[in-house]
Chemist: 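One structure, as structure tokens, below. Some questions next.
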Amino acid sequence: MKRIVKPNQPLIEHIYTADPSAHVFEGKIYIYPSHDLDHDGPSNDNGDQYAMEDYHVLSLDDFDSPCVDHGEVLHIKDVPWAKQQMWAPDAAFKNNTYYLYFPAKDHDEIFRIGVATSPNPAGPFTPQENYIQGSFSMDPAVLVDDNNRAYMYFGGLWGGQLEKWRTGSFDPNGKGPAPSEPALGPMFAEMNDDMLSFKGKPQEISIIDEEGNPILAGDEERRFFEGPWVHKYNGYYYLSYSTGTTHLLAYAMSKNPQGPFVYKGKILTPVLGWTTHHSIVEFNDKWYLFYHDASLSGGVNHKRSVKYTELKYNGDGTIQTIEYRL
Ligand code: FUB
């Protein structure tokens, strides 16, 4: 008999998965995760242990149904421009087409963001020959707004290489701001109608406190590290992200999709494992947080599994902090 997935349990157990991007397509929940390889190689701050090579798509008819693994939908060997490390993906629907957005290192070992298409939310996906021109860094998240305009949010520090793009071009020796300087924000790019290209040059998003001051690079409990996600609730855009070194999921709110976003608080306390990465989705009038931890592997950082739990708002639109539990 197939297992019904309860909150805070791995969605699947036969492979390791991470970085779940959840969407409701065709009345079901589709989850686009990374696929962690089961290897015992060494770890470093560059994230070389996250040596992923392909993507699977998962789906749930609802929360009383088993999770379906639709199998491999894209492999790096079929992506001409990509060399290694297929990290956190996302998907979007527009033009009667499903788009899978994914970061990978190109043949110069520079992270870029690619796109692959399918008529079916479960794939398989056919990649474009080249990465999105003007893209860099990692962790793409795409919001198709109510007016049908689409925006990509992306970026990540350290192994995600965001610090190396501060001059506008790739500097292998690029460093992040000093602790007393404004932190680097995630990047924002509006997509053209073809969903395959950017309308203009990506712009940095600023995250500020309630007084309008930028969150500083040394403020590791609140500053952006990686994994941006944007959803809408009651007319506000919610930018949520991982704080990396402090292992939190945090969020900030704005009336504008490009911000500035005002920091509001924590969504999830630290999980088992170094990384924390999530998405937020509404299904049948309730809201859910999809996230990952390393519990399935007994705590190995690069052998993670995706889970979900309910997310609740307060009356003023702020999000109730979820205490992680195994
Ligand atoms: O899964 C590889 C990387 O780890 C992701 O791109 C980051 O967000 C972190 O979860």
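Ligands are counted one by one from 1 in listed order, and the atoms in each one are counted from 1 as well. Computed from a prediction, not measured in an experiment: that's the story for all the values here. Every heavy atom of this structure was used, including side-chain atoms; hydrogens, water molecules and symmetry mates were not.
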Chemist: Decide yes or no on side-chain contact (heavy atoms from CB on, under 4.5 Å) for Tyr313 and Tyr238, but give the supporting numbers first.
Modeler: CA-CA 12 Å; Tyr313 298 90; Tyr238 289 66; 4.1 Å; yes
Chemist: Under the side-chain contact (heavy atoms from CB on, under 4.5 Å) criterion, do Phe224 and Ile215 qualify, and how do the steps go?
Modeler: CA-CA 9 Å; Phe224 168 77; Ile215 301 293; over 6 Å; no
Chemist: With sequence neighbours left out, write down each residue that passes salt bridge (charged side-chain N to carboxylate O under 4.0 Å, His left out) with Asp193, or none if nothing qualifies.
Modeler: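 Residues passing salt bridge (charged side-chain N to carboxylate O under 4.0 Å, His left out) with Asp193: Lys94.
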Chemist: If a pair satisfies side-chain hydrogen bond (donor to acceptor under 3.5 Å, both in side chains) and one of its residues is in residues 136-155, list it, with sequence neighbours excluded.
Modeler: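 Matches after skipping sequence neighbours: Asp145-Lys232, Asp145-Tyr237, Asp146-Lys232, Arg149-Glu190.
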Chemist: Mind listing the N or O contacts between ligand 1 and protein, cut-off under 3.5 Å?
Modeler:
residue, atom, partner, partner atom, Å
ligand 1, 1 (O), Asp19, OD2, 2.5
ligand 1, 1 (O), Arg304, NH1, 3.3
ligand 1, 1 (O), Arg304, NH2, 2.7
ligand 1, 4 (O), Arg304, NH1, 3.3
ligand 1, 6 (O), Asp139, OD1, 2.5
ligand 1, 8 (O), Asp139, OD2, 2.7
ligand 1, 8 (O), His277, ND1, 2.7
ligand 1, 10 (O), Asp19, OD1, 2.7
ligand 1, 10 (O), Arg304, NH1, 3.2

Chemist: Between Thr318 and Asp316, is any side-chain donor less than 3.5 angstrom from a side-chain acceptor?
Modeler: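 Yes, side-chain donor-acceptor contact under 3.5 Å.
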Chemist: Pair up each side-chain donor or acceptor in residues 176-186 with any protein partner under 3.5 Å, not counting sequence neighbours, and list the distances.
Modeler:
residue, atom, partner, partner atom, Å
Glu181, OE1, Ala178, N, 2.9

